[in-house]
Amino acid sequence: MDKKLVVCPYCGCGCKIFLHVEEGKIVGAEGAQGVTNEARLCLKGYFGWEFLNNTRLLTPRLQHPAIRRKRGGPFEKVSWQEAIAFVSSRLKKIKARSGPESIMVTGSSRGPGNETNYVMQKFVRAVLGSNNIDCCARVCHGPSVAGLQATLGNGAMSNSMKDIEESDCLLIFGYNAADSHPIVARRIINAKEKGAKIIVCDPRYIESARLADLFLPLKNGSNMALVNAFAHVLIEERLWNKNYIDQHVEGLEAWSEVVKRYSPEAVQEITGLAPTLIRQAARMYAGARNATILWGMGVTQWGQGVDVVKGLASLALATGNFGRPGVGVGPVRGQNNVQGACDMGALPNLFPGYQPVTDKAAREKFAAAWGVASLSDKPGHAITDVPHLALEGKLHAYWIMGEDPLQTEPDLGLMRQAMAKLELVIVQDIFMTKTAELADVLLPATSWGEHEGVYTSADRGFQRFYKAVEPQGDVLPDWEIISRVAQEMGYPMRYANNETIWNELRVLCPLYTGVTWEKMAGFGYVQWPCPEESHPGTPWLYEGNHFSRPSGKGQLFACDWRPPVEPTDSQWPLVLCTVREVGHYSCRSMTGNCHALTAQADEPGKVQINTVDARQLNISDGELVWVASRRGRVISRAEVSERINRGAVYMTYQWWIGACNELTIDHLDPIAKTPEFKHCAVRVEKIADAEWAEQQVAESYQQLKNRLAKTAEPLA
């Protein structure tokens, strides 16, 4: 048996795994001694590899390129040469007729790696001539990037995952580590065992609340009011680090002017929290020698997500919690390479290395390196702009790499309308998904485990992963597919391997210049910034308390609280909040094809509901119910629990039959353009005929799987 060293393809922890390979097939996995996981793994790490064997448990692998001669017709298996010619000719035609901005492209955070994302953004900018590239960071931690760039000058975690254990106080806000990042949850437990104080702010009684010193069960949608109240207490009780503020921070007057209106007493009705509890939490955080703030999508997936991120960063600035180990701010990124996709410039406003497309010197540097006369200075579209632009007739083509927007975007009914309006849909993926089913072209790629590359962990750590098995079928690495299309369109994009791509990009990015291929070999782990080859990397940012803003100082920020855009009422009395599922990930095409993970949880998913709310609706634990919003209705299985706050229900977005994004609202943060996944108004209804409901779920699920399998049949 061989052992192949890889990095987990699921969450952003960057866990190292040894895959066990026998006769060309993976047969098991064990934790390797990686920097972030130290030989530990979660459910997905131990059992989430089986999809590589093409189990067809949920949906089949894509194994041959295919095109549709006409919309709605069957797929036709073709050669790579014909598929590439078809894609390039259609893109050239649309670009010539409607301009480069009529074409949208995605990067991918789900497995291709950093080099592929670099090549894809280069294709968009140098070949298509726009900045219309974006990735799934838009729908998760986009507000973290925007908010931290504004306040600190850098949009990433300021500390390391291992460094969490060195804090004396953890303020955990809108982040359920046990479900989202079990390895981080272990770090939180370790910190507690070392004596750290734990403060948890979340409407649900999540796992971290069980070990918290203080639990603040705030009302859904009150984040900004609570953050302002914390700031109010810091000022009122002089808990701030005034000397630190005077030396390293600006914006004190404007910050103070806003938060003075948000005393704990003034926000009690908004937050649902006793003023004494808010004051206790502020004192505990400010009184710690070293404190860290951790947050997740309970902070970011709101119409006011950027504002709350700025407010949380301001709490850390006001207390001097930067510039040394054991302190800082930690937006723990979701998918395994969402940090890396952003690092590589799969964003509409930034080149690789977070260099703005509006910066003339950056444009000239990249244009010279890529051999083009000029590059666009106009920021491109966000992926959340796509449905509106398509329906307005401004977007004609969409190249979707490693994403499934017909499962993951808000208001799926709107997304389906938009996809139908598009002239050309190109899907580059490893599975027949809901989105792939509707494509005009399928470009089948190698999967994690079938190629090598580099990922970036949530704490800015670059590390290499290795090829474990040979791919099945006529598939290509993602970067090679993109390069072939570029060549067919007349642009000379040729690379020998991943290392040559890496060497090109690091020369162009001062943050990564010192991250050599050799440094990342084996268990190598290099956190950017790493400006030169002799540099070891940067475990924590802002040494010397110098921030990456023009003034070198951090920026305090506060603004007024805004209520969620869709309030509850008598017809829609419950708040729906979307959350994570510990045993599955993203659109479930990978984890849903693993027997052990499917046995742990399967369709139609669950809707978590408070015991009192369930009793009033005559709903019992485990029975199927309707969950409806103004946009749609789905079946889900009730999970009745006292740990859920009254007036709210929670669903995970992995399910195909119980697809909660049929219900969610298409409302965006005005800066980050991230959807308000955490708040829409719904009702839950008992289904009188339980036998019919069970049969309906089973039949609908099987029909959907059969339909996708039949669509893929010509490609087998």
Side-chain angles (χ1 to χ4, degrees), residues 147-154 157-160 163-173 191 195-199 201 213-214 216 224 226-264 277-295 299 307-331 538-559:
L148 293 181
Q149 282 180 332
T151 50
L152 310 177
N154 188 308
M157 282 183 72
S158 68
N159 48 349
S160 300
D163 202 40
I164 291 168
E165 297 182 20
E166 307 309 315
S167 289
D168 301 306
C169 179
L170 298 178
L171 173 57
I172 302 171
F173 204 119
K197 299 294 185 183
I198 310 293
I199 306 165
C201 305
D213 295 275
L214 288 176
L216 282 67
M224 192 74 241
L226 178 56
V227 172
N228 283 345
F230 283 152
H232 179 99
V233 176
L234 295 185
I235 296 172
E236 180 188 50
E237 300 188 12
R238 298 193 176 277
L239 301 173
W240 55 7
N241 188 330
K242 191 63 167 59
N243 182 55
Y244 185 91
I245 292 173
D246 290 342
Q247 294 183 61
H248 305 297
V249 180
E250 56 194 12
L252 175 61
E253 186 175 339
W255 179 64
S256 302
E257 185 64 28
V258 173
V259 301
K260 73 180 183 182
R261 302 192 291 271
Y262 286 84
S263 69
L277 186 58
I278 296 174
R279 291 183 185 277
Q280 275 183 280
R283 291 166 188 157
M284 184 175 289
Y285 172 74
R289 181 182 56 180
N290 297 313
T292 297
I293 305 175
L294 300 174
W295 68 82
V299 163
D307 292 342
V308 176
V309 168
K310 290 178 180 178
L312 289 170
S314 297
L315 297 180
L317 285 169
T319 52
N321 276 299
F322 284 109
R324 63 186 187 275
V327 301
V329 291
T538 308
W540 39 274
L541 300 175
Y542 314 122
E543 186 172 3
N545 296 298
H546 181 84
F547 296 93
S548 307
R549 300 180 63 252
S551 67
K553 293 186 175 185
Q555 175 70 49
L556 293 170
F557 174 88
C559 71

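- At least one side-chain heavy atom of I199 sits less than 4.5 Å from a side-chain heavy atom of L216.
- Contacts classified as salt bridge (Lys or Arg N to Asp or Glu O under 4.0 Å) and involving residues 540-557 (residues at least two apart or in different chains) are given here: E250-R549.
- Residues satisfying the salt bridge (charged side-chain N to carboxylate O under 4.0 Å, His left out) criterion with R238, sequence neighbours excluded, are absent altogether.
- No side-chain heavy atom of D163 sits less than 4.5 Å from a side-chain heavy atom of T292.
- In terms of modelled atom types and a separation under 3.5 Å, the side chain of T151 and the main chain of K310 share no donor-acceptor contact.
- Listed by chain and residue number, R279 satisfy the salt bridge (charged side-chain N to carboxylate O under 4.0 Å, His left out) test with E236 (two or more places apart in sequence, or in another chain).
- The salt bridge (charged side-chain N to carboxylate O under 4.0 Å, His left out) search around D307 returns R562, not counting sequence neighbours.
- With sequence neighbours excluded, the residues satisfying side chain to side chain contact (heavy atoms under 4.5 Å, CB included) with S263 are H232, E265, A266.
- Every residue meeting the side chain to side chain donor-acceptor pair (under 3.5 Å) condition with S160, not counting sequence neighbours, appears here in chain and number order: Q527.
- Judged as a side chain to side chain contact (heavy atoms under 4.5 Å, CB included), and not counting sequence neighbours, the contacts of D213 are K192, K197, I198, M284.
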Original post:
side-chain contact (heavy atoms from CB on, under 4.5 Å) between L214 and L277: does it pass, once the steps are laid out?
Top reply: CA-CA 8 Å; L214 288 176; L277 186 58; 3.9 Å; yes
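- Note that CD of E253 and CG of L556 are 12.0 Å apart. Values are rounded to the nearest 0.5 Å.
- Partners of N545 according to the side chain to side chain donor-acceptor pair (under 3.5 Å) rule, which considers only residues two or more places apart in sequence or in another chain, are Y244.
- Take E166 and apply the salt bridge (charged side-chain N to carboxylate O under 4.0 Å, His left out) test, not counting sequence neighbours, and it matches K194.
- Evaluation of the side chain to side chain contact (heavy atoms under 4.5 Å, CB included) rule for V327 yields N290, N321, R324 as partners, not counting sequence neighbours.
- When side chains are defined from C-beta on, P331 does not count as touching V309, because their heavy atoms never get closer than 4.5 Å.
- Residues V329 and W295 meet the side-chain proximity criterion, which asks for heavy atoms closer than 4.5 Å.
- Residues satisfying the ring pair (Phe, Tyr, Trp, His ring centres under 6.0 Å) test with F547, not counting sequence neighbours, are F322, Y542.
- Atom SG of C201 and atom CG of L312 lie 8.5 Å apart (nearest 0.5 Å).
- Looking at heavy atoms from C-beta onward, F173 lies in side-chain contact with V227 at the 4.5 angstrom threshold.
- Side-chain contact between W240 and L252: present, with at least one pair of heavy atoms (C-beta onward) separated by less than 4.5 Å.
- A558 pairs by the side chain to side chain contact (heavy atoms under 4.5 Å, CB included) definition with N228, W255, V258, V259, not counting sequence neighbours.
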